[in-house]
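Notes follow once the structure below has been shown.
Atoms within a ligand are numbered from 1 in the order they appear, just like the ligands themselves. These figures come from a predicted structure and were not determined experimentally. Computed over heavy atoms, backbone and side chain alike; hydrogens, waters and symmetry mates excluded.
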Amino acid sequence: KVWQVNQHEHLMHDPKIKEAANWLRNGKLVAFPTETVYGLGADATDERAVAQIFEAKGRPADNPLIVHIGHRQTIGDYVKKVPDHATKLMDEFWPGPLTIILEAEKEFADNVTAGLDTVGIRMPNNSHALALLQVSRIPVAAPSANRSGKPSPTTADHVYDDLNGRIDGIVDGGRTGVGLESTVIDCTSDVPVILRPGGVTREDIESVLGEVEVAHEEDEKPKSPGMKYKHYAPDSPVWLVEGGVEKMRKTYEDLRAEGQTVGLMISQELADELGVDSELILGSRENVTDLTGHLYDTLRKVDTMAVDVVLAESFSREGIGEALMNRLERAATKII
Ligand code: TXA
Ligand code: MG
């Protein structure tokens, strides 16, 4: 079932939101928009419902889920303690694209945390999501609502394409804004560690807490289990081109001379410099959230095109550029 819910002031009283919230309370799987990507929600206290999330996505059982809450005060029910630095982060960035890892209280199903003694909690900044969470009055476990290995969904259509027949419902609240998943930060140690770059940037966090650590993907044992899986890869190989416009031009021309069909996943500015048209324009460099907001649907589009190889532009790592480049690197088969 797809509930089309337009933005309005009283979403908490919207009969469709109420119905979707009831379905969640009854152990059903309901996808919903957040400010980052669509999530696939289930009652985090219901082990059977949570197991169905793993099943529907084809998600490895050792990859824990994020718990979404609609009221900040309820966090005490789900974690053992809230250290000062976590409180500061919540004050500053919640509701928003920041997932905070804390020591778990055993209030929810074991499979939510994949057996870890920590849990990731986040309060999303999206009015549909907040209304759904507040009306349902349950903690909602929700990974991104894609099949495992596919790009995360930024529209209800993406969710439908990936999961129709495998889940119970979708709340369609339009396209998501940020377009990349939340920042994940581990606050169980004295110095917090960013495990996944996302919508809240390192600069944002350091302006509140001072210096924090950043986990590297090459680390032997990734602290965030999800980071060890190859994500977002389209069927065609993607080459991330780091050498600037001349490198891009030469690589493009060489491949074409070999008779290959080449897709260009680039900014409008680079397309203009190269003097080419592309069906895979991400947006303008002047507006980074345009680039992040269109990355995943552009990667999905690659799979509908018959291209031998995709050349992807690399961008500045400033601010949310760090998260954008992280996802591009994960989509890439090689970096040249
Ligand atoms: O923006 C988002 O975060 C979206 C929306 C739906 O909220 N959700 C999302 O969930 O991206 P998912 O499951 O695709 O990614 C969750 C990430 C995974 O990399 C997972 O390993 C990590 O968070 N994670 C979850 N719980 C953790 C924990 N206790 N310790 C370390 N990492 C954890
Ligand atoms: Mg995901």
Any atoms of ligand 1 less than 4.0 Å from a non-hydrogen atom of I66? List them with their elements.
3 (O), 8 (N), 9 (C), 10 (O), 16 (C)

Under a 4.0 Å N-O cut-off, is there an ion pair linking E103 with K81?
yes

In ligand 1, the atoms that come under 4.0 Å of a heavy atom of N63 are 18 (C), 20 (C), 21 (O)

Can a salt bridge be assigned to the pair K1 and E19 using a cut-off of 4.0 Å between side-chain N and carboxylate O?
yes

Ion pair D14/K18, N-O distance below 4.0 Å:
no

Rest of the hydrophobic cluster containing V241 (Ile/Leu/Val/Met/Phe/Trp/Tyr, side-chain heavy atoms under 4.5 Å)?
W239, V245, M248, Y252, L255, V262, L264, I266, L270, L274, V276, I281, V309, L311, I336

Hey, looking at atom 25 (C) of ligand 1, which of A215, P64, G120 has the closest heavy atom?
P64

For V307, does its backbone N or O pair with a side-chain atom of S236 as donor and acceptor, under 3.5 Å?
yes

So the atoms of ligand 1 within less than 4.0 Å of a heavy atom of G39 turn out to be 6 (C)

N/O/S atom of S144 under 2.8 Å from the Mg ion (ligand 2), yes or no?
yes

Contact check: T34 vs ligand 1, nitrogen or oxygen atoms, below 3.5 angstrom:
no

Of all the atoms in ligand 1, which lie at a distance below 4.0 Å from a heavy atom belonging to S144?
8 (N), 9 (C), 10 (O), 12 (P), 14 (O)

Sub-4.0 Å atoms of ligand 1 with respect to non-hydrogen atoms of T118
28 (C), 29 (N), 30 (N)

Residue-ligand contact T113/ligand 1, heavy atom below 4.0 Å
no

Check: R59 N/O within less than 3.5 Å of ligand 1 N/O:
yes

If you count the atoms of ligand 1 from 1 in the order shown, which ones are under 4.0 Å from a heavy atom of L116?
28 (C), 29 (N), 30 (N)

Give yes or no for whether the N/O distance cutoff of 3.5 Å, strictly under, is met between K57 and ligand 1.
no

For residues 34-43, tabulate all N or O donor-acceptor pairs below 3.5 Å that involve a side-chain atom, not counting sequence neighbours.
{"residue": "T34", "atom": "OG1", "partner": "T36", "partner atom": "N", "Å": "3.0"}
{"residue": "T34", "atom": "OG1", "partner": "T36", "partner atom": "OG1", "Å": "2.8"}
{"residue": "T34", "atom": "OG1", "partner": "V37", "partner atom": "N", "Å": "3.3"}
{"residue": "T34", "atom": "OG1", "partner": "V37", "partner atom": "O", "Å": "2.8"}
{"residue": "T34", "atom": "OG1", "partner": "R122", "partner atom": "NH2", "Å": "3.0"}
{"residue": "E35", "atom": "OE1", "partner": "R122", "partner atom": "NH1", "Å": "3.3"}
{"residue": "E35", "atom": "OE1", "partner": "R122", "partner atom": "NH2", "Å": "3.1"}
{"residue": "E35", "atom": "OE1", "partner": "N125", "partner atom": "N", "Å": "3.3"}
{"residue": "E35", "atom": "OE2", "partner": "R122", "partner atom": "NH1", "Å": "3.0"}
{"residue": "E35", "atom": "OE2", "partner": "N125", "partner atom": "N", "Å": "3.1"}
{"residue": "T36", "atom": "OG1", "partner": "R122", "partner atom": "NH2", "Å": "3.2"}
{"residue": "Y38", "atom": "OH", "partner": "G173", "partner atom": "N", "Å": "3.2"}
{"residue": "Y38", "atom": "OH", "partner": "G174", "partner atom": "N", "Å": "3.3"}
{"residue": "Y38", "atom": "OH", "partner": "G174", "partner atom": "O", "Å": "2.7"}
{"residue": "D43", "atom": "OD1", "partner": "T45", "partner atom": "N", "Å": "2.8"}
{"residue": "D43", "atom": "OD1", "partner": "T45", "partner atom": "OG1", "Å": "2.7"}
{"residue": "D43", "atom": "OD2", "partner": "T45", "partner atom": "OG1", "Å": "3.2"}

Identify, by atom number and element, the atoms of ligand 1 in contact range of L195, meaning under 4.0 Å from any of its heavy atoms.
31 (C)

Would you call K250 and E253 a salt bridge, taking side-chain N to carboxylate O under 4.0 Å as the test?
no

Answer yes when D91 and R72 have at least one side-chain N-carboxylate O distance shorter than 4.0 Å, and no when they do not.
yes

Between E242 and K334, does any NZ, NE, NH1 or NH2 come within less than 4.0 Å of an OD or OE carboxylate oxygen?
no

Out of all atoms in ligand 1, which are within 4.0 Å of some heavy atom of H68? Include the element for each.
5 (C), 6 (C), 7 (O)

